[in-house]
Amino acid sequence: MTDVAAIRSALLSWYDREARVLPWRTGPAAGRMGLRSDPYRVWLSEVMLQQTTVPHATPYFLAFTQRWPTVEALAAEQDGELMAAWAGLGYYARARNLLACARAVASQHGGEFPNSEEGLLALPGVGAYTAAAVAAIAFDRKANVVDGNVERVMARLFAVEAPVPEAKPELKRLAGLLVTDERPGDWAQALMDLGATICKPKAPLCDRCPIELFCAARAKGAPESYPRRTKKADRPRRHGVAYIVSRRGETALVRRPDKGLLGGMLGLPTSDWRDRPWSDDEAARAAPILAPWRDLGAVEHVFTHFSLTLRVMVAEADVAGDFVWTPHEGLTALPSVFLKAARAGLERLV
DNA sequence: GACACGTGGAG
DNA sequence: TCTCCAAGTGT
């Protein structure tokens, strides 16, 4: 691997010129002065960015850091407030783990994040990637930071023929060959920036790539065909009913159990989500209260592992019950699937 | 190792 | 419309 030094030099130079300005990054000037990023902000950004695009996560990052400037402030927040602030970002286990992690750091680590990969890895919601990323970016520790971007860059740089996910260990090994003690945080971010802006999944911009000359996939003429992938299984469809119980301009919500889909979030009461559609009678029987239900049509929503056809039913009912009553105009801090159902329902209600 | 777990943008 | 997939983790 005589090219290691040349590849590193080319990519780090590119990063020094082209690094994107992102709210969780300190500027290159601060980096040269030896200033590290705030571990809290680095950690928060890394968790938010898991399986999530920069444009989607950015407004949440800004809102969170304004409202909770420190890990202690976050640790002191109520569960429900945190979950509401996370609504719309998806993968809600991240939010539950975020709070658990903040509380662990506050109560067991004196408010300071562990500064080693191993220590970070022990925290809730911090896996191999996030531990390595925070260690490298916030603490300047040498770490092999491997996310989807890095896997793609490695698959192309070395023209790895094995398909992912089978090739993941090999891709990680290859990434490790390029890691040194020099500028670990910048190296990790350079590699990820390259993957995000140049070495994109489709239509990579090879003519702008600083390491094009080293790229085996480019030499073969089909960089976009890496990494090889195995076919994905078809996404099944499920059917459910969501119920809008309306009372004087308010709607009944329920807190979902911590485990499972949309865990810990507020949502509309629903039936089970099953393989077969729901008839009117079945929908009425599965409802949270006895009432004259009106059919308001259906909405479609796609989750990672299934598609959902969700019928929306509405009833006016002056009931008590174990509900969280929320004004119609306040139905904003909900998972997107319920936002979709509530909006469709309330539109058609008028 | 396989699967559960959200969402929205791009092509 | 439809497929892909984005700075992954927990079980």
Side-chain angles (χ1 to χ4, degrees), chain A residues 20 22-25 37 41-61 83 86-98 100-101 120-138 143-153 164-169 172 175 185 187-197 199-204 224-225 227 229-238 256-265 267 273 300-308 334-340:
Chain A
R20 290 179 294 172
L22 299 169
W24 42 87
R25 278 188 180 162
S37 303
R41 295 167 63 90
V42 173
W43 161 75
L44 180 62
S45 68
E46 292 301 341
V47 173
M48 285 186 168
L49 288 163
Q50 289 168 11
Q51 300 290 287
T52 306
T53 58
V54 166
H56 195 188
T58 296
Y60 287 85
F61 178 83
M83 299 310 288
W86 194 274
L89 245 197
Y91 284 134
Y92 298 98
R94 289 185 298 170
R96 298 194 303 277
N97 287 330
L98 191 81
C101 182
L120 290 159
L121 195 53
L123 295 168
V126 176
Y129 162 76
T130 303
V134 175
I137 297 168
N144 190 16
V145 183
V146 182
D147 70 339
N149 287 308
V150 178
E151 287 179 348
R152 183 171 58 258
V153 171
V164 287
E166 174 194 328
K168 280 172 176 280
K172 186 165 188 171
W187 174 252
Q189 293 180 92
L191 219 36
M192 292 191 283
D193 264 22
L194 186 77
T197 65
C199 199
K200 301 190 289 182
K202 303 169 191 176
E224 69 283 353
S225 69
R229 294 193 178 278
T230 49
K231 286 273 180 288
K232 286 201 170 78
D234 287 345
R235 210 194 309 269
R237 176 166 300 282
R238 293 187 193 167
R256 300 173 64 84
D258 276 345
K259 300 286 180 187
L261 192 70
L262 310 173
M265 298 297 292
W273 297 352
E300 297 290 328
H301 192 77
V302 180
F303 293 97
T304 305
H305 52 299
F306 66 94
S307 298
L308 177 68
L334 299 179
S336 294
V337 61
F338 294 124
L339 226 45
K340 202 181 283 186

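In what follows, chains carry the letters A, B, and so on, assigned in the order in which the sequence lines appear, proteins first and then strands, with residues in each chain numbered from 1. Because only heavy atoms are used, hydrogens play no part in the values below, and waters and symmetry mates are left out as well, while side chains stay in.
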Inset, instruction - Between dT7(B), dA6(C), dG6(B), spot the one nearest the side chain of Arg94(A), thanks. - result: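 When the side chain of Arg94(A) is considered, dG6(B) is the closest of dT7(B), dA6(C), dG6(B).
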Inset, instruction - Looking only at side-chain atoms of Leu261(A), point me to the closest of dT7(B), dC5(C), dC5(B). - result: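 Minimum distance to the Leu261(A) side chain belongs to dC5(B).
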Inset, instruction - Would you mind telling me which residue lines up with the more 5' stretch of DNA chain B, Leu262(A) or Lys202(A), judged by nearest nucleotide? - result: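 Closest to the 5' end, via its nearest nucleotide, is Leu262(A).
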Taking 4.0 Å as the cut-off, does a side-chain nitrogen or oxygen of [X] come that near to OP1 or OP2 on [N]?
X: Thr53(A); N: dC5(C); result: no
X: His305(A); N: dC5(B); result: yes
X: His56(A); N: dA6(C); result: no

Legend entry - Any donor-acceptor N/O pair under 3.5 Å between dG6(B) base and Thr304(A) side chain: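 Flag set: donor-acceptor pair detected.
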Under 4.0 Å, counting only non-hydrogen atoms across every strand here, what does [X] touch: a base, just sugar-phosphate, or nothing?
X: Val337(A); value: sugar-phosphate
X: Trp24(A); value: base
X: Gly88(A); value: sugar-phosphate
X: Pro55(A); value: nothing
X: Gly263(A); value: nothing
X: Leu308(A); value: nothing

Round to the nearest Å and state the distance from [X] atom [atom1] to [N] atom [atom2].
X: Arg20(A); N: dA6(C); atom1: CZ; atom2: P; value: 13 Å
X: Phe338(A); N: dG6(B); atom1: CZ; atom2: P; value: 11 Å
X: Arg96(A); N: dA4(B); atom1: CZ; atom2: P; value: 16 Å
X: Arg235(A); N: dA4(B); atom1: CZ; atom2: C1'; value: 13 Å
X: Lys200(A); N: dC4(C); atom1: NZ; atom2: P; value: 19 Å
X: Met265(A); N: dC5(B); atom1: CE; atom2: P; value: 15 Å
X: Glu224(A); N: dC4(C); atom1: CD; atom2: P; value: 16 Å
X: Lys340(A); N: dG8(B); atom1: NZ; atom2: C1'; value: 9 Å

Inset, instruction - On the 0 to 90° scale, with breaks at 30° and 60°, tag the Phe338(A)-Trp273(A) ring pair as parallel, tilted or perpendicular. - result: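 Tilted: the ring planes of Phe338(A) and Trp273(A) meet at 30° to 60°.
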Legend entry - Flag if over 12 foreign heavy atoms under 6.0 Å of NZ, Lys172(A):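 Open: at most 12 neighbouring heavy atoms sit under 6.0 Å from NZ of Lys172(A).
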Inset, instruction - Say whether, by atom type as modelled, one donor and one acceptor occur between the side chain of Ser45(A) and the main chain of Trp43(A) under 3.5 angstrom. - result: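 Not confirmed, Ser45(A) side chain does not pair with Trp43(A) backbone.
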Inset, instruction - Look only at the side chain of Arg20(A) and the backbone of Asp193(A), and say whether a donor-acceptor pair between them is shorter than 3.5 Å. - result: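 Checking the backbone N and O of Asp193(A) against the side chain of Arg20(A), no donor-acceptor pair under 3.5 Å is found.
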Inset, instruction - Could you verify whether a donor N or O on one side chain and an acceptor N or O on the other, from Tyr129(A) and Glu46(A), lie under 3.5 Å apart? - result: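 Note: Tyr129(A) and Glu46(A) side chains meet the donor-acceptor criterion.
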Legend entry - Between Arg25(A) and Gln189(A), a side-chain donor and acceptor under 3.5 Å: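 A pair is found: one side chain offers a donor N or O, the other an acceptor, under 3.5 Å apart.
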Legend entry - His301(A)-Phe303(A) aromatic ring centre distance below 6.0 Å: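 For His301(A) and Phe303(A), the ring centres are under 6.0 Å apart.
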Inset, instruction - Provide the distance between the two P atoms, one in dG6(B) and one in dT11(C), to the nearest whole Å. - result: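 So the two P atoms sit 14 Å from each other.
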Inset, instruction - Would you check if Glu224(A) and Lys200(A) make a side-chain contact, meaning some heavy-atom pair closer than 4.5 Å? - result: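 No. Closest side-chain heavy atoms not under 4.5 Å.
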Check the interface with nucleotides 8-11 of chain C: list each N/O to N/O pair with the protein under 3.5 Å, or write none.
residue, atom, partner, partner atom, Å
dG8(C), OP1, Gly148(A), N, 3.4
dG8(C), OP2, Gln51(A), N, 2.7
dG8(C), OP2, Gln51(A), NE2, 3.0
dG8(C), O5', Gln51(A), N, 3.4
dT9(C), OP1, Gly127(A), N, 2.8
dT9(C), OP1, Gly127(A), O, 3.4
dT9(C), OP1, Thr130(A), N, 3.0
dT9(C), OP1, Thr130(A), OG1, 2.8
dT9(C), OP2, Ala128(A), N, 3.4
dT9(C), OP2, Tyr129(A), N, 3.2
dG10(C), OP1, Gly125(A), N, 2.4

